Amino acid sequence: MSKRENDSKRGRNGRAAQLKLAVLISGSGTNLQALIDACAEPDYPARISLVIANKDDAGGLARAAKVNIATQIIRHKDFAEREAFDQALSDALEAADIDLICLAGFMRVLGATFVEHWKDRLINIHPALLPSFKGLHTHQRALEAGVRIAGCTVHYVRADVDVGPIIAQAAVPVLPGDNEDNLAARVLKQEHRLYPLAVELIARGLVHVENGRVRIEEADSRAEDAALINPPPFG
Ligand code: GRF
C-alpha cells in the first residue's frame, strides 16, 4: 500500500487507518506474540484482525484468544488438493477484509494462485539471512557452513519458497560453542524485533517494491554507519 493510499484511509479521528493484519501460524506463535505486543501500543499503525492456524494444536491460537483476537483453524488435512486449502484460506482472509497477511511459522507452502492473488500483501519471516539458507534447518546449516554472522529476514512472498523482495533483516553473531538451539534462540529474539518493524514500515506506506526489490523511504540513510563485525575488532 502506498503512503497516499494509507493516508486516504483515515478514520473518524483523522488519523491514518490502521492496517488490518492476518497472522498465519502452525506452531507456538512467538512471532505472533511480538506482533500482538506491538499492536497493543497506541501509536502502532496496524492491528491483528484474524489469526489462522492449519492445525488444532498450534500454540499461538491461545495467545490470540487471550487478547480476544478472532481465530480460525483451517486444517490442510481436510482438503484433498492444495488449491482447495489455499482457496479456503483466501475466502477467510477476504471475508475479514485483510490488508496484509503475515506468515509466522506457517508450515504450509502456498500455491502460485494464492501467492499471485495476495502479491505484495503477503509477507514471511525466515530464520536466516536470505538468500542464504532457504528452507528448513537453517541454523544447523549455518553452523555447518561456519558463517560468523547469522540472522533473519522479512520478505514479500513469491511462488518459490523463501524467495521474494527483502524488506528487513537482522544479524546476530555466531559464537564459539553455539549449537542449533542457542543460535536459534539468539536469532528468534531478533525476529521478535524485526517483524513488528517490517509491518510498521509497510503500514506507514514507506515500503515500495520496484523491479523485484524493496526501497524503503527515509530509513536507508540511517543505516549508513551501522556494522556487525564478528569477531569484534580489538579495542
Ligand atoms: C520462526 O523461527 C520463523 O522465522 C520461522 O518459524 C519460526 C516460528 O516460530 N518461519 P514462532 O511460532 O513464531 O515461535
Side-chain angles (χ1 to χ4, degrees), residues 21-40 46 48 50-67 69 71-76 89 100-111 114-115 118 122-145 147 149-174 178-202 214:
L21 309 178
V23 185
L24 272 53
I25 59 167
S26 301
S28 71
T30 64
N31 278 290
L32 164 64
Q33 187 66 55
L35 291 169
I36 290 173
D37 293 346
C39 290
I48 303 172
L50 179 62
V51 169
I52 301 179
N54 65 312
K55 42 205 284 252
D56 299 72
D57 62 356
L61 288 167
R63 298 177 188 272
K66 197 172 168 190
V67 289
I69 295 172
T71 61
Q72 284 189 39
I73 303 172
I74 301 178
R75 299 172 191 85
H76 62 278
L89 283 179
L100 181 70
I101 305 166
C102 303
L103 305 180
F106 187 66
M107 300 303 283
R108 303 304 298 171
V109 175
L110 296 161
F114 181 98
V115 170
W118 293 97
L122 172 61
I123 63 175
N124 180 47
I125 187 156
H126 180 73
L129 291 172
L130 291 174
S132 295
F133 308 118
K134 297 169 184 157
L136 298 174
H137 310 296
T138 54
H139 305 299
Q140 186 58 39
R141 289 189 287 133
L143 289 169
E144 282 166 9
V147 296
I149 291 175
C152 50
T153 303
V154 178
H155 64 98
Y156 284 107
V157 174
R158 295 294 183 260
D160 290 328
V161 174
D162 299 327
V163 167
I166 291 170
I167 302 161
Q169 294 184 304
V172 301
V174 178
D178 267 352
N179 58 31
E180 194 176 356
D181 289 343
N182 56 21
L183 180 56
R186 193 175 308 123
V187 172
L188 190 63
K189 202 169 161 187
Q190 301 310 317
E191 291 183 41
H192 298 161
R193 298 173 69 193
L194 193 71
Y195 218 175
L197 169 65
V199 169
E200 178 165 0
L201 289 167
I202 293 169
V214 162

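Both ligands and their constituent atoms are indexed starting at 1 by order of listing. Predicted, not measured: the structure shown is a model, and the values here were computed from it.
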Quiz item: Considering only the protein, which heavy-atom contact is closest to atom 14 (O) of ligand 1, and what is its distance?
Solution: T30 OG1, 2.5 Å
Quiz item: side chain to side chain contact (heavy atoms under 4.5 Å, CB included) with R108: which of N54, L24, I74?
Solution: N54
Quiz prompt | Over all atoms of both residues, closest heavy-atom pair of I25 and L61 | solution = CD1-N, 3.6 Å
Quiz item: Do H126 and T138 have side-chain atoms, one donor and one acceptor, less than 3.5 Å apart?
Solution: no
Quiz item: Residues in side-chain hydrogen bond (donor to acceptor under 3.5 Å, both in side chains) with E180, at least two apart?
Solution: none
Practice problem: Starting from atom 12 (O) of ligand 1, locate the nearest protein heavy atom and write down its residue, its atom name and how far away it is, to 0.1 Å. | Solution: G29 N, 2.8 Å
Practice problem: Please could you name the atoms of ligand 1 that S28 approaches to less than 4.0 Å, counting only its heavy atoms? | Solution: 11 (P), 12 (O), 14 (O)
Quiz item: Hey, are the side chains of I52 and L89 touching, using non-hydrogen atoms and a 4.5 Å cut-off?
Solution: yes
Quiz item: What is the closest protein heavy atom to atom 6 (O) of ligand 1, and at what distance does it sit?
Solution: G105 CA, 3.5 Å
Exercise. Run the contact test for I125 against ligand 1 with a 4.0 Å cut-off on heavy atoms, strictly below, and give the result.
Key: yes
Quiz item: Quick one: nearest non-hydrogen protein atom to atom 13 (O) of ligand 1, plus distance?
Solution: N31 N, 2.8 Å
Exercise. Before accepting this row, confirm whether a basic side-chain N of the pair D160/K134 lies closer than 4.0 Å to the acidic partner's carboxylate O.
Key: no
Quiz prompt | Proximity winner for atom 2 (O) of ligand 1, if only heavy atoms of H126, E191, R63 are counted | solution = E191
